[in-house]
*Asks:* 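Below is a structure I'd like to ask you about.
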Amino acid sequence: MGDVRVAAIASLTPLEELDSDPFLVDTRGQHDMCARWAADKGYVVTRQLRLYGLRPDHRALWADVEDGEVELFVAPNDRVLARAVASVSRFTEECERRGVRLEIAGLDEPLYSSRTKAGVHRRLSMPTAGYDGS
């Protein structure tokens with residue numbers, strides 16, 4: 001039996017919310033949590049998704065499932081999932097309909113000092129190479 005292939009879900013959250021909820025802004029930290037969860041289970045993260053309010057039936061969520069690259073979605077916690085998709089209940093139903101597992105990592109969130117918040121701010125406010133705005 002091969003490794004279970006996982007899509008890690010992170011939420012895109014405005015940088016302005018860094019002080020009120022730094023974990024929701026920290027997509028790298030969210031993906032790290034998903035990767036730790038997957039590694040603990042012997043699974044492999046094959047996709048990293050960064051989403052905000054995406055419709056549960058959007059093609060971007062299901063293309064890798066249809067191509068056989070993803071068998072399971074994992075989100076760090078319920079808050080992230082609620083930001084990432086427009087309707088958690090509809091996304092859950094769509095996962096069930098397609099036979100794709102949906103898991104919540106539920107690990108402890110990192111602590112954010114003013115220094116780590118500044119690091120998140122620098123990372124997220126820098127332009128991304130190759131980003132074309134589409």
*Asks:* Search all heavy atoms of A38 against all heavy atoms of V6 and return the closest pair with its distance.
*Replies:*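 Scanning both residues completely, I find the closest heavy atoms to be CB-CG2, 4.5 Å.
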*Asks:* Are F91 and I9 side-chain neighbours, meaning at least one heavy-atom pair lies under 4.5 Å?
*Replies:*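 They are in contact (side-chain heavy atoms under 4.5 Å apart), so the answer is yes.
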*Asks:* Give every residue pair that meets the side-chain hydrogen bond (donor to acceptor under 3.5 Å, both in side chains) criterion with at least one member in residues 45-54, sequence neighbours excluded.
*Replies:*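 Those involving residues 45-54 are R47-D64.
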*Asks:* Verify side-chain contact (heavy atoms from CB on, under 4.5 Å) between T27 and L12, making sure each step is shown before the conclusion.
*Replies:* CA-CA 7 Å; T27 57; L12 292 172; 4.2 Å; yes
*Asks:* Please walk me through it: do V4 and V44 pass side-chain contact (heavy atoms from CB on, under 4.5 Å)?
*Replies:* CA-CA 6 Å; V4 173; V44 176; over 6 Å; no
*Asks:* Go through the steps for V74 and I104 under the test side-chain contact (heavy atoms from CB on, under 4.5 Å), then give the verdict.
*Replies:* CA-CA 6 Å; V74 64; I104 300 296; over 6 Å; no
*Asks:* Might you point out which heavy atoms bring D26 and G29 nearest each other, and give the distance in Å?
*Replies:* OD1-N, 2.9 Å
*Asks:* Would L51 and V80 show up in the same hydrophobic cluster when neighbours are defined by side-chain heavy atoms closer than 4.5 Å?
*Replies:* no
*Asks:* Determine, using the 4.5 Å side-chain heavy-atom cutoff (strictly less than), whether V65 and L61 are members of one ILVMFWY cluster.
*Replies:*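 V65 and L61: one cluster.
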*Asks:* Of the non-hydrogen atoms in A75 and C34, which two are nearest, and what is the gap between them?
*Replies:*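 Minimum heavy-atom contact is C-SG, 3.9 Å.
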*Asks:* List the residues meeting side-chain hydrogen bond (donor to acceptor under 3.5 Å, both in side chains) with S20, not counting sequence neighbours, and say none if there are none.
*Replies:* none
*Asks:* Going by side-chain hydrogen bond (donor to acceptor under 3.5 Å, both in side chains), name the residues that satisfy it together with D57, two or more places apart in sequence or in a different chain.
*Replies:*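 R55.
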*Asks:* Please identify each residue that fulfils salt bridge (charged side-chain N to carboxylate O under 4.0 Å, His left out) with E103, with sequence neighbours left out.
*Replies:* R101
*Asks:* Kindly indicate, with the supporting measurements, whether the criterion side-chain contact (heavy atoms from CB on, under 4.5 Å) is fulfilled by L81 and F73.
*Replies:* CA-CA 10 Å; L81 187 59; F73 289 106; over 6 Å; no
*Asks:* Just so I know, are the side chains of W62 and C95 near enough to count as touching, which here means a heavy-atom distance under 4.5 Å?
*Replies:*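 The answer is yes, as the side chains (C-beta and beyond) meet within the 4.5 Å cut-off.
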*Asks:* Not counting sequence neighbours, which residues clear side-chain hydrogen bond (donor to acceptor under 3.5 Å, both in side chains) with T92? List them please.
*Replies:*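 In terms of side-chain hydrogen bond (donor to acceptor under 3.5 Å, both in side chains), with neighbours along the sequence ignored, T92 is linked to no residue.
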*Asks:* Can you list the residues that meet the salt bridge (charged side-chain N to carboxylate O under 4.0 Å, His left out) rule with E96, with sequence neighbours excluded?
*Replies:* none
*Asks:* Quick one: pull up CG in L107 and CG in D40 and give me the separation to the nearest 0.5 Å.
*Replies:* 7.0 Å
*Asks:* Salt bridge between R97 and E94, side-chain N to carboxylate O under 4.0 Å?
*Replies:*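 Salt bridge present between R97 and E94.
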*Asks:* Are V88 and L54 joined in one hydrophobic group, where the rule is that I, L, V, M, F, W and Y side chains link up if heavy atoms are under 4.5 Å apart?
*Replies:*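 Result: yes, single cluster for both.
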*Asks:* How far apart are the closest heavy atoms of A8 and V45, and which atoms are they?
*Replies:* CB-CG1, 4.1 Å
*Asks:* Under a 4.0 Å threshold between the charged nitrogen and the carboxylate oxygen, would E69 count as salt-bridged to R5?
*Replies:*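 E69 and R5: not salt-bridged.
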*Asks:* Take R98 and E71 through the test salt bridge (charged side-chain N to carboxylate O under 4.0 Å, His left out) and record every step on the way to the result.
*Replies:* CA-CA 10 Å; R98 293 175 181 256; E71 301 160 302; over 6 Å; no
*Asks:* With rounding to the nearest 0.5 Å, note down the distance linking CG in L24 to CZ in R83.
*Replies:*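 Rounded to the nearest 0.5 Å, the CG-CZ separation comes out at 5.0 Å.
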*Asks:* So which atom in S11 and which in A84 form the shortest heavy-atom distance, rounded to 0.1 Å?
*Replies:* CB-N, 4.1 Å
*Asks:* Are any of the side-chain heavy atoms of V120 and V25 separated by less than 4.5 Å?
*Replies:*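 Side chain of V120 against side chain of V25, heavy atoms only: contact under 4.5 Å found.
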*Asks:* Return the set of residues passing salt bridge (charged side-chain N to carboxylate O under 4.0 Å, His left out) with E109 (not counting sequence neighbours), or none when no residue passes.
*Replies:* R79
*Asks:* Mind checking side chain to side chain contact (heavy atoms under 4.5 Å, CB included) for E16 and listing every partner two or more places apart, or none if nothing turns up?
*Replies:* P14
*Asks:* Only pairs at least two apart or in different chains count here, so list each ring-ring contact (aromatic ring centres under 6.0 Å, His included) that has a residue in residues 12-37.
*Replies:*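 Passing the test, one end in residues 12-37: W37-Y43.
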*Asks:* Once salt bridge (charged side-chain N to carboxylate O under 4.0 Å, His left out) is applied, do any residues pair with K41, and if so which ones, sequence neighbours excluded?
*Replies:*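 Testing K41 for salt bridge (charged side-chain N to carboxylate O under 4.0 Å, His left out), a comparison that skips the adjacent residues, returns none.
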*Asks:* Linking I/L/V/M/F/W/Y whenever any side-chain heavy atoms sit under 4.5 Å apart, do M33 and L18 land together?
*Replies:*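 In one cluster with M33: L18, yes.
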*Asks:* For R115, check side chain to side chain contact (heavy atoms under 4.5 Å, CB included) against everything at least two apart and list the hits.
*Replies:* S113
*Asks:* Considering residues at least two apart in sequence or located in another chain, which fulfil the side chain to side chain contact (heavy atoms under 4.5 Å, CB included) criterion with D32?
*Replies:*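 By the side chain to side chain contact (heavy atoms under 4.5 Å, CB included) rule, D32 matches R28, R36.
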